[in-house]
2 protein chains.
Amino acid sequence: MHKEHTLTKNQQIIFDLIDKSSEPMKAYSILFNVQKKGIKAPLQVYRALDKLVEIGKIHKIESRNAFIACHNSSCQVAKATAFSICEICEKVTEISSAGLSKYLANFKDKDGMKYSKYNLEFFGLCKKCR
Amino acid sequence: MHKEHTLTKNQQIIFDLIDKSSEPMKAYSILFNVQKKGIKAPLQVYRALDKLVEIGKIHKIESRNAFIACHNSSCQVAKATAFSICEICEKVTEISSAGLSKYLANFKDKDGMKYSKYNLEFFGLCKKCR
DNA sequence: TACATAGTGTTATATTATAACATTTTAAAT
DNA sequence: ATTTAAAATGTTATAATATAACACTATGTA
Ligand SMILES: [Zn+2]
Ligand SMILES: [Zn+2]
Ligand SMILES: [Zn+2]
Ligand SMILES: [Zn+2]
């Protein structure tokens, strides 16, 4: 469950844009889209993105340098994320699987070490592209 | 098991450097280190990196934009990778766990879709940093 | 030899992200 | 209400990461 945060103006503008988007958005594409709302510089975008990631409202797709809104209420605030990525159309979907998150949260490496924070990206072809 | 490839001169120089390194290396750090061997431009580095990733000799740590040599002989040529990353000292270790790779290779999403290719990055504190 | 494929060298440029600093807003705490 | 600390903003400049385009060379193979 997401802790409720009151977003600031810039954060809200940028979150709304990402949330409405059907696909992950890149920082400079976000910048282009919010310039008419007065956000003019990359740093303004990156600062809002950093905060939104920190509080779990969005996630960064590391292999794509892009950002997607979280629609997974069981997401532990940006700490444990999993996505499927279509290698043809680049559609990205957040995976919400209790089994998967439980398996990964309980996974121990050779030294018996557990990791509560992880990011998993699966690659394949989506339904349409198969 | 890695298919054997004969590396070209640039590929070999860059692989040797990454392989000797105790930590993931970034592209421009690689460039700096191989300039005395005649590799002068970013593109020469990126082309070698692309190929080395493709054939599974190295992996890219996506969250760090850095490259590490593969020391996991069961790695299916760059397709299925898992790492632990220390958030303090940035030590990165490739995870070699039959159980984990089996679980992930067999994971099915809501649509019953399987993904043979994935990248997983665990974050936490290494032994030293705890 | 002819041909296709992969690799190289080079210059220029695109894309992604942060440093530094001054100022303003916000939300407590007194 | 005033003080104060933390967070956010605005701005300019720059750093770091990655690719486009083009001419050329090496390699394998039919
Ligand atoms: Zn989420
Ligand atoms: Zn697709
Ligand atoms: Zn490997
Ligand atoms: Zn460490």
Side-chain angles (χ1 to χ4, degrees), chain A residues 3-18 21 23-68 77-78 85 90 92 119 121, chain B residues 3-18 21 23-68 77-78 85 90 92 119 121:
Chain A
K3 183 163 180 299
E4 280 314 318
H5 280 261
T6 309
L7 300 183
T8 65
K9 179 168 145 281
N10 287 1
Q11 289 162 11
Q12 189 70 57
I13 290 169
I14 287 172
F15 175 72
D16 287 345
L17 179 67
I18 297 171
S21 172
E23 56 195 26
M25 294 196 73
K26 305 196 135 214
Y28 277 73
S29 161
I30 292 168
L31 176 58
F32 178 80
N33 277 277
V34 298
Q35 277 179 328
K36 51 184 169 300
K37 304 214 168 172
I39 296 176
K40 291 177 199 154
L43 244 197
Q44 295 175 288
V45 173
Y46 281 104
R47 284 197 283 225
L49 290 174
D50 286 350
K51 190 67 184 181
L52 291 168
V53 166
E54 183 192 327
I55 65 182
K57 298 282 286 182
I58 65 173
H59 302 302
K60 182 172 186 183
I61 311 299
E62 292 287 356
S63 66
R64 299 298 186 259
N65 297 317
F67 300 84
I68 191 175
V77 181
I85 303 174
E90 292 290 327
V92 174
N119 180 57
E121 298 178 8
Chain B
K3 184 164 178 298
E4 279 314 319
H5 279 262
T6 308
L7 301 183
T8 65
K9 180 167 143 283
N10 286 1
Q11 289 162 11
Q12 188 70 57
I13 290 169
I14 287 172
F15 175 72
D16 286 345
L17 179 66
I18 297 171
S21 172
E23 57 194 26
M25 292 197 75
K26 306 196 134 215
Y28 278 72
S29 160
I30 292 167
L31 175 59
F32 177 80
N33 276 276
V34 297
Q35 277 180 327
K36 52 185 168 296
K37 302 211 170 174
I39 296 174
K40 291 177 200 154
L43 246 197
Q44 296 176 287
V45 172
Y46 280 105
R47 285 197 283 226
L49 289 174
D50 286 350
K51 189 66 183 181
L52 291 168
V53 166
E54 183 192 328
I55 65 181
K57 298 281 288 182
I58 65 172
H59 302 303
K60 183 173 185 181
I61 310 300
E62 292 287 357
S63 67
R64 299 298 188 261
N65 298 317
F67 300 85
I68 192 175
V77 182
I85 303 174
E90 292 291 326
V92 174
N119 180 57
E121 297 178 8

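As the structure is a computational prediction, the values presented were derived from the model and not from experiment. We name chains A, B, ... by the order of the sequence lines, and we start the count at 1 in each one.
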*Asks:* Select one nucleotide: of C/dG9, C/dG7, C/dA17, the one nearest the side-chain heavy atoms of A/Ala27.
*Replies:*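 From the listed options, C/dA17 comes nearest.
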*Asks:* Rounded to the nearest 0.5 Å, how far does CD1 of A/Ile85 lie from OG of A/Ser63?
*Replies:*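 Reported value, rounded in 0.5 Å steps: 3.5 Å.
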*Asks:* Would you kindly give the CG-to-C1' distance between B/Leu7 and D/dT27, to the nearest whole Å?
*Replies:*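 Computing the B/Leu7:CG to D/dT27:C1' distance gives 15 Å.
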*Asks:* Starting from P on C/dT16, measure out to CZ on A/Phe67 and report it in whole angstrom.
*Replies:*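 For the pair A/Phe67 CZ and C/dT16 P, the rounded distance is 10 Å.
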*Asks:* Could you check how far CZ of B/Arg47 sits from C1' of C/dT5, rounded to whole Å?
*Replies:*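 Distance, rounded to whole Å: 15 Å.
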*Asks:* How close or far is atom P of D/dA8 from atom CG of A/Leu43, stated in whole angstroms?
*Replies:*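 For the pair A/Leu43 CG and D/dA8 P, the rounded distance is 14 Å.
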*Asks:* Distance from A/Leu52 atom CG to A/Lys60 atom NZ, nearest 0.5 Å?
*Replies:*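 Reported value, rounded in 0.5 Å steps: 13.5 Å.
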*Asks:* Expressed in angstrom and rounded to an integer, what is the separation of B/Gln11 atom CD from C/dA6 atom C1'?
*Replies:*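 Taking CD of B/Gln11 and C1' of C/dA6, I get 9 Å after rounding.
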*Asks:* Is any side-chain N or O of B/Tyr46 closer than 4.0 Å to OP1 or OP2 of D/dA18?
*Replies:*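 Checking D/dA18 against B/Tyr46, a side-chain N or O does come within under 4.0 Å of OP1 or OP2.
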*Asks:* Taking OP1 and OP2 of C/dT10, is either one under 4.0 Å from a side-chain nitrogen or oxygen of B/Gln44?
*Replies:*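 False: B/Gln44 side-chain N/O out of range (4.0 Å or more) of C/dT10 OP1/OP2.
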*Asks:* How close or far is atom P of C/dT24 from atom CG of A/Asn10, stated in whole angstroms?
*Replies:*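 To the nearest whole Å, that distance equals 16 Å.
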*Asks:* Is the shortest side-chain N/O distance from B/Thr8 to OP1 or OP2 of D/dA26 below 4.0 Å?
*Replies:*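 For B/Thr8, the contact criterion (side-chain N or O under 4.0 Å from OP1 or OP2 of D/dA26) is not met.
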*Asks:* Is the phosphate of C/dA17, meaning OP1 or OP2, less than 4.0 Å from a side-chain N or O of A/Asn65?
*Replies:*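 For C/dA17, OP1 or OP2 has a side-chain N or O of A/Asn65 closer than 4.0 Å.
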*Asks:* Within the distance-only criterion (no hydrogens, no angle test), does the side chain of A/Glu121 pair as donor or acceptor with the backbone N or O of A/Ile61 below 3.5 angstrom?
*Replies:*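 Between the backbone of A/Ile61 and the side chain of A/Glu121 there is no qualifying donor-acceptor contact (under 3.5 Å).
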*Asks:* Tell me whether the side-chain N/O atoms of B/Lys9 come closer than 4.0 Å to OP1 or OP2 in D/dT27.
*Replies:*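 B/Lys9 to D/dT27 OP1/OP2: no side-chain N or O under 4.0 Å.
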*Asks:* Nearest heavy atom decides the nucleotide; on that basis, is A/Ile39 or B/Ser29 closer to the 5' end of DNA chain D?
*Replies:*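 Comparing both residues, the 5'-ward one is A/Ile39.
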*Asks:* For A/Ala48 and for A/Tyr28, find the nucleotide of DNA chain D with the closest heavy atom, then tell me which residue's nucleotide is more 5'.
*Replies:*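 That would be A/Ala48.
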*Asks:* Counting distance only, does the side-chain N/O of A/Gln44 pair as donor-acceptor with the main-chain N or O of A/Asn10 below 3.5 Å?
*Replies:*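 Not confirmed, A/Gln44 side chain does not pair with A/Asn10 backbone.
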*Asks:* Picking from D/dT17, D/dA8, D/dG10, which would you name as closest to the side chain of B/Lys26?
*Replies:*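 Selected nucleotide (nearest to the side chain): D/dT17.
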*Asks:* Roughly how far apart are B/Leu7 CG and B/Lys57 NZ, rounded to 0.5 Å?
*Replies:*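 Separation between the atoms: 5.5 Å.
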*Asks:* Hey, which sits more toward the 5' end of DNA chain C by its nearest nucleotide, A/Asp50 or B/Ala41?
*Replies:*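 Counting from the 5' end, the first nearest nucleotide belongs to B/Ala41.
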*Asks:* Compare the minimum distances between each of C/dG7, C/dT11, D/dT9 and the side chain of B/Lys51, then state the nucleotide with the smallest one.
*Replies:*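 Of the candidates, C/dG7 comes closest.
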*Asks:* Rounded to the nearest angstrom, tell me the gap between atom CZ in B/Phe32 and atom C1' in D/dA16.
*Replies:*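 Whole-Å distance recorded here is 16 Å.
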*Asks:* Whole angstroms only, please: what is the CG-C1' distance between B/Leu31 and C/dG9?
*Replies:*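 It is 13 Å, rounded to the nearest whole Å.
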